[in-house]
Each structure stands twice: as structure tokens, then as C-alpha cells.
Amino acid sequence: MLNLQDGDIVTADGEPYQSLSKAYIKRVTGHLDLDYDPIEVFRQAVVESKDGELVVTHNIYGKRLKVNGSKVTYHVKDDRIQFMVQEGDIVDLAWYANDDNAQDSMTIRWVYPLEDDNQPAEKRHSRNPWKEAC
């Protein structure tokens with residue numbers, strides 16, 4: 001509704017990093033012309049466990065993760081991210097489009113909330129939707 005663009009400066013309410021509440025954008029207060037590489041996004045990717053490691057290769061629609069036309073596997077290596085995701089989670093990946101090391105700089109930029117946040121994590125994550133679809 002606000003027609004947001006890259007570089008917009010906004011005023012928002014909420015404390016999304018301190019609680020389960022969401023941030024709400026109130027208005028656009030300015031704009032910066034940014035000179036950077038465009039960001040590529042792979043949406044609704046499924047976190048899988050292979051050989052004891054968390055990886056992403058496909059999204060929920062079965063589309064394969066690719067960088068510059070080549071199939072790649074994202075390995076969840078960052079310690080800060082590993083404790084936030086587990087097998088069966090749905091995430092968005094992001095990387096700079098013109099980065100020669102895109103696969104190495106790729107990161108999880110969003111973890112989709114699960115349907116029932118009142119269940120303990122081990123029950124919420126007991127199934128992998130990607131494996132069930134195959």
C-alpha cells in the first residue's frame with residue numbers, strides 16, 4: 001500500500017527482535033539512492049537434514065536452488081543461524097546477484113512462522129514437508 005522501493009527510509013512501530021510481535025511500517029520518511037548489487041532471493045525453501053548437516057536444495061514447490069543457472073546446495077553453517085532453524089523449517093535465502101562467491105555469501109534472511117507456535121519445537125518440527133512430497 002505504501003509502494004515501497006529499495007532505499008526507502010520508513011518509520012515503523014513494534015519490537016520484532018525483542019518479542020513475537022511484528023513491526024508495522026507507518027510511513028515513508030525519505031529515500032536514499034543506493035549503489036549496490038541487486039539482491040537475489042530464493043523464497044520458501046525447505047531446510048533438510050543430509051548426513052547430519054542442515055541444507056537447502058529445493059523450495060516447497062520443488063524448484064531447485066540455482067545461482068547463475070547452476071544447481072547449488074546451501075549449507076547452514078553460521079552458528080547464529082543454526083540454532084534458529086531445524087529440519088522442516090521454511091526459509092527465504094538471499095545473496096548479492098553479482099557476487100562471484102554467491103554460494104558462500106548466501107544467508108537465511110527469513111524464517112517463516114509455523115502454524116501453531118504453542119506447540120513445543122520438537123513436535124512442530126517432527127515432519128519434513130519436502131520429504132513427504134517426494
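Count residues from 1 along the sequence.
Between R109 and D92 no salt bridge is recorded (no basic side-chain N to carboxylate O distance below 4.0 Å).
Under the 4.5 Å side-chain contact rule for hydrophobic residues, V85 and L93 share a cluster. When the side chains of ILVMFWY residues are joined at heavy-atom separations under 4.5 Å, either directly or via intervening members, V111 and V55 end up in two distinct hydrophobic clusters. Hydrophobic clustering places F42 together with V72 (ILVMFWY residues linked when any side-chain heavy atoms are closer than 4.5 Å, directly or through intermediates).
Judged purely by atom type and a 3.5 angstrom limit, R27 has no side-chain atom pairing as donor or acceptor with the backbone of V10. In this structure, the side chain of D89 engages the main chain of Q86 through a donor-acceptor pair within 3.5 Å. Without hydrogens or angle criteria, T29 side chain to I9 main chain gives a donor-acceptor distance under 3.5 Å.
Nearest approach of N59 to R43, heavy atoms of both residues: CB-O, 3.3 Å. For S105 against D99, the heavy-atom pair with the smallest separation is OG-OD2, 2.7 Å.
Residues N3 and Q5 are not in side-chain contact: their nearest non-hydrogen atoms beyond the backbone lie 4.5 Å or more apart. Residues Y96 and I39 have side chains in contact (heavy-atom distance under 4.5 Å, counting atoms from C-beta outward). At least one side-chain heavy atom of M106 sits under 4.5 Å from a side-chain heavy atom of V67. Contact annotation: the side chain of V76 approaches that of Y74 to within less than 4.5 Å [non-hydrogen atoms, C-beta and beyond]. Taking 4.5 Å as the limit, some side-chain heavy atom of D13 sits within range of a side-chain heavy atom of K26. Counting heavy atoms from C-beta on, the side chains of V56 and V47 come closer than 4.5 Å.
The environment of CG in D8 is crowded: more than 12 heavy-atom neighbours from other residues, nucleotides or ligands sit within 6.0 Å.
To the nearest 0.5 Å, atoms NZ (K50) and NE2 (H75) are separated by 9.5 Å. Note that CD of Q44 is 4.0 Å distant from OH of Y61, once rounded to the nearest 0.5 Å. Distance check, rounded to the nearest 0.5 Å: OG1 of T73 to NE2 of H58 gives 9.0 Å.
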Please test I90 against I60 for side-chain contact (heavy atoms from CB on, under 4.5 Å), starting from the C-alpha separation and ending with a verdict.
-> CA-CA 8 Å; I90 308 299; I60 62 173; 3.5 Å; yes

For E48 and T57, what are the C-alpha separation, side-chain angles and deciding distance, and is it a side-chain contact (heavy atoms from CB on, under 4.5 Å)?
-> CA-CA 8 Å; E48 300 177 85; T57 58; 3.0 Å; yes

